[in-house]
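Positions are given from 1 along the sequence. Both backbone and side-chain heavy atoms feed into the values below; hydrogens, waters and symmetry mates do not. Keep in mind it's a predicted model, so treat the numbers as computed, not measured.
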Amino acid sequence: MTDREVGWGDRKHEPSPQMVREALARILASPDFDATDRLRNFLTYVVEETLQGRPSRIKGYNIATSVFGRDDSFDSQVDSIVRIVAGRLRRSLEHYYLTSGRGENIQIHVPKGSYVPIFVEMNEDLSVAALPQEDRRPIVDSWPSIFVEAFTEEGDHSAFPHFVTGLTRLLVVGLSRFTGLRIFGPEAGTQTEGSEALKAAYVLRGGAAITRERFWVDIVLAEQRSGRTIWADSFERSMNPSEIFSLRNDVANRIVQILAQPYGIISSDRAKDSEGSPPEQLGSYGCVLHFHQYWRTFDPKLLAEVRRCLELTIRREPTYADAFACLSLVYSNTYRFHGDTVPPDSDLLDRALALADRAVELAPNSSWSHYARSLAYWFIYDLDSSIASLEAARAINPNDTAITADLGQRYAMLGKWDKAVPLLEDSYARNPAQPGGYRIGLFLFHYAHGRFEEALMQARKMGSFVVYGPVAVAMAAAKLGYEEEAARAVRRILAIDPEYGDHVLLDLEKRSLHPDLARMVVDGLRKAGLPGRDMSKTVVTKTFGEQRRRGPYGEGQ
């Protein structure tokens, strides 16, 4: 097998041996290449063997005897040293290319499934010039920028002279918390005619009126260049002088949520520009929009393309924190929903955590950086750190209802209903358009308390791209005696995963679902008629996954 056959595809040009050796020397000399002498010798050996034209000799046996000092009796089936060290080497290289090596033109990778390295010229596939002539259409990007004009006053504002100024300021602050947006306040518009604010993609303008009984806020978002109205609305509240500023804050937060959330007005408008474009023609922001299209449904058909797009993006733009965060979430989701396709020695979760850490390093005030870190922590069973990261994300941007919903989801999976339910209900009240998958927490709550009609209502809204929507429908419908609906849901489960009934317990443990809830799910699926080995087991709740989990379930959980 040649290095081209390992999985990176054919390239027109291979870097010269001298370029590769210089790249290797920079790796070995870098303090960010966190590797033992054994790992360094491993990397040097496989690189030199490849450069000398001997890739066929790079086998586990030869590495063990030539690099690790094993004798001729070495058996890879008994001694897994080469596989283990190879995994560590891949993680060390990943860390290097996310830190001081992110600007390297030549990268050295050791793909999974082989110990033969590949040498990648990063500027080859990542530029418009590298595309075939017929594909050289403009890269779709455009980071959304918004100029917030000073709102106008209508009526007598003498009793509340700073009402409108405060409203404008709250909008600027709230929008700025979404790190994917560039926001210009009213003061930016007083600059010269060529100022950046006046070149912004959108302008947000409006006015406020106050009477003794009520106050109104009228608002318009328009495309600045064409004047096209993107969105307009009015917000009215009863006047209560003691609460007027609190009510004003509520209105400002509502406007921010409508405009700036991942599934809000702005992202929906920008997504029209990138719809149908392949990854090579999407810019950094376009790839993030593509990610959010996937994240809404978890449609597995979108996963590979979204992952490829984001991997291109972090190489093209190695300081774009949101892209690192989104790619981390993609890796976590690959493990979460497609773990059966991941090799046993995969370092997917390590990579997810490394990408999230890099996102936090680049943008410590980005809520999605902390959100990505929380999901990576969850799947390595560090539940305390996961919850802490999500709480940090919500504190940074309380207007992002996706983060609020996911925090509620995590508390629901721990059985902490007093925290879970208010967060989930609030998130859907503020943003009914967000992904239906978060409803699993509300489903579990109602089902656990015997409210099966309410549970079924939530289950029906969850969607069926992944197995948990039909799992929830099957459980609730079976409890209610809706045999036909339960049977349809079971058929859908089997269509997604024909062997789900054989490994449901392992799947639920992998997701850190509370043991009592795991038992409830198995009992519900058994009643619905799902076939499989786990359907005949008795779930032991006291020891379910406890030995592997940091922050184990304690009393009252």
Side-chain angles (χ1 to χ4, degrees), residues 336-337 339 374-375 377-379 381-384 386-387 390 405-425 427 436-462 466-480 486 489-490 493 497 500-528 530 532-557:
R336 173 163 48 166
F337 296 133
S374 76
L375 200 62
Y377 275 137
W378 187 267
F379 289 112
Y381 303 102
D382 190 348
L383 307 190
D384 291 340
S386 177
I387 293 293
L390 262 177
D406 209 293
L407 181 59
Q409 185 97 305
R410 300 299 145 194
Y411 280 130
M413 295 178 76
L414 299 175
K416 296 185 176 182
W417 309 121
D418 58 331
K419 293 183 177 181
V421 174
L423 290 167
L424 289 165
E425 290 181 341
S427 69
Y438 296 125
R439 294 185 181 275
I440 188 67
L442 293 171
F443 163 80
L444 290 170
F445 169 64
H446 290 301
Y447 191 98
H449 290 84
R451 294 187 289 271
F452 302 119
E453 287 284 1
E454 292 90 338
L456 183 58
M457 181 181 68
Q458 296 294 335
R460 287 168 174 167
K461 296 177 181 178
M462 285 171 56
V466 295
V467 76
Y468 306 106
V471 162
V473 170
M475 292 168 59
K479 279 289 188 180
L480 292 165
V490 168
I493 294 169
D497 184 349
Y500 190 69
D502 291 332
H503 59 83
V504 58
L505 286 172
L506 180 62
D507 181 63
L508 299 178
E509 180 181 14
K510 177 179 173 181
R511 279 150 181 76
S512 297
L513 187 68
H514 190 283
D516 292 342
L517 297 179
R519 179 178 59 189
M520 180 185 78
V521 171
V522 172
D523 289 345
L525 289 174
R526 185 183 298 122
K527 185 174 181 63
L530 181 70
R533 290 189 302 271
D534 282 0
M535 296 301 98
S536 61
K537 292 180 180 178
T538 300
V539 180
V540 181
T541 62
K542 291 184 179 179
T543 60
F544 189 71
E546 284 183 345
Q547 300 304 314
R548 293 195 295 140
R549 188 177 285 117
R550 279 190 287 162
Y553 297 106
E555 292 298 319
Q557 295 185 332

#### Entry: CG on Leu442 to CE on Met457, rounded to 0.5 Å
8.5 Å
#### Entry: Steps toward side chain to side chain contact (heavy atoms under 4.5 Å, CB included) verdict (Lys479, Leu456)
CA-CA 10 Å; Lys479 279 289 188 180; Leu456 183 58; over 6 Å; no
### Query
Has the side chain of Arg439 got a donor or acceptor atom that lies under 3.5 Å from a matching backbone atom of Met462?
no
### Which atom of Ala478 lies closest to which atom of Ala486, heavy atoms considered
N-CB, 3.9 Å
#### Entry: Distance in Å, Ser386 OG paired with Leu407 CG, rounded so as to fall on 0.5 Å steps
9.0 Å
### Message
Please give me the minimum heavy-atom distance between Leu414 and His514, naming the atom from each residue.
### Response
O-CD2, 3.4 Å
### Task
Applying side chain to side chain contact (heavy atoms under 4.5 Å, CB included), run through Val504 and Leu508 and close with a yes or a no.
CA-CA 6 Å; Val504 58; Leu508 299 178; 4.0 Å; yes
### Message
For Ala474 versus Leu525, what's the shortest heavy-atom pair and its separation?
### Response
CB-CD2, 4.4 Å
#### Entry: Separation of Ile387 CD1 from Lys416 NZ (nearest 0.5 Å)
7.0 Å
### Query
So Tyr468 and Phe337, would you call those rings parallel, tilted or perpendicular, with 30° and 60° as cut-offs?
tilted
#### Entry: Shortest non-hydrogen contact between Ala528 and Val490, atoms and distance
O-CG2, 3.5 Å
### Message
Within this structure, what is the CG-OH distance for the pair Leu530 and Tyr500, rounded to the nearest 0.5 Å?
### Response
8.5 Å
### Query
Taking it one step at a time, do Asp534 and Asp502 satisfy side chain to side chain contact (heavy atoms under 4.5 Å, CB included)?
CA-CA 5 Å; Asp534 282 0; Asp502 291 332; 5.9 Å; no
### Query
Taking all atoms of both residues into account, what is the closest heavy-atom pair of Leu424 and Tyr438, and its distance?
CD2-O, 3.6 Å
#### Entry: Short N-O contact, Asp523 and Lys527, less than 4.0 angstrom
no
### Message
Does Met413 form a side chain to side chain contact (heavy atoms under 4.5 Å, CB included) with Leu517? I'd like the steps, not just the answer.
### Response
CA-CA 8 Å; Met413 295 178 76; Leu517 297 179; 5.7 Å; no
### Task
For the residue pair Leu444 and Leu513, establish whether any side-chain heavy-atom pair is separated by less than 4.5 Å.
yes
### Trp378 side, atom CH2; Gln409 side, atom CD - distance, nearest 0.5 Å
9.0 Å
### Task
Considering non-hydrogen atoms only, spot the tightest contact between Phe443 and Ala476 and give its length.
CE1-CB, 4.1 Å
### Query
Roughly how far, to the nearest 0.5 Å, is the OH atom of Tyr447 from the CE atom of Met475?
4.0 Å
### Task
May I ask you to establish whether Arg451 and Phe445 are in a cation-pi arrangement, using a distance under 6.0 Å from NZ or CZ to the six-membered ring centre and at most 45° from the ring axis?
yes
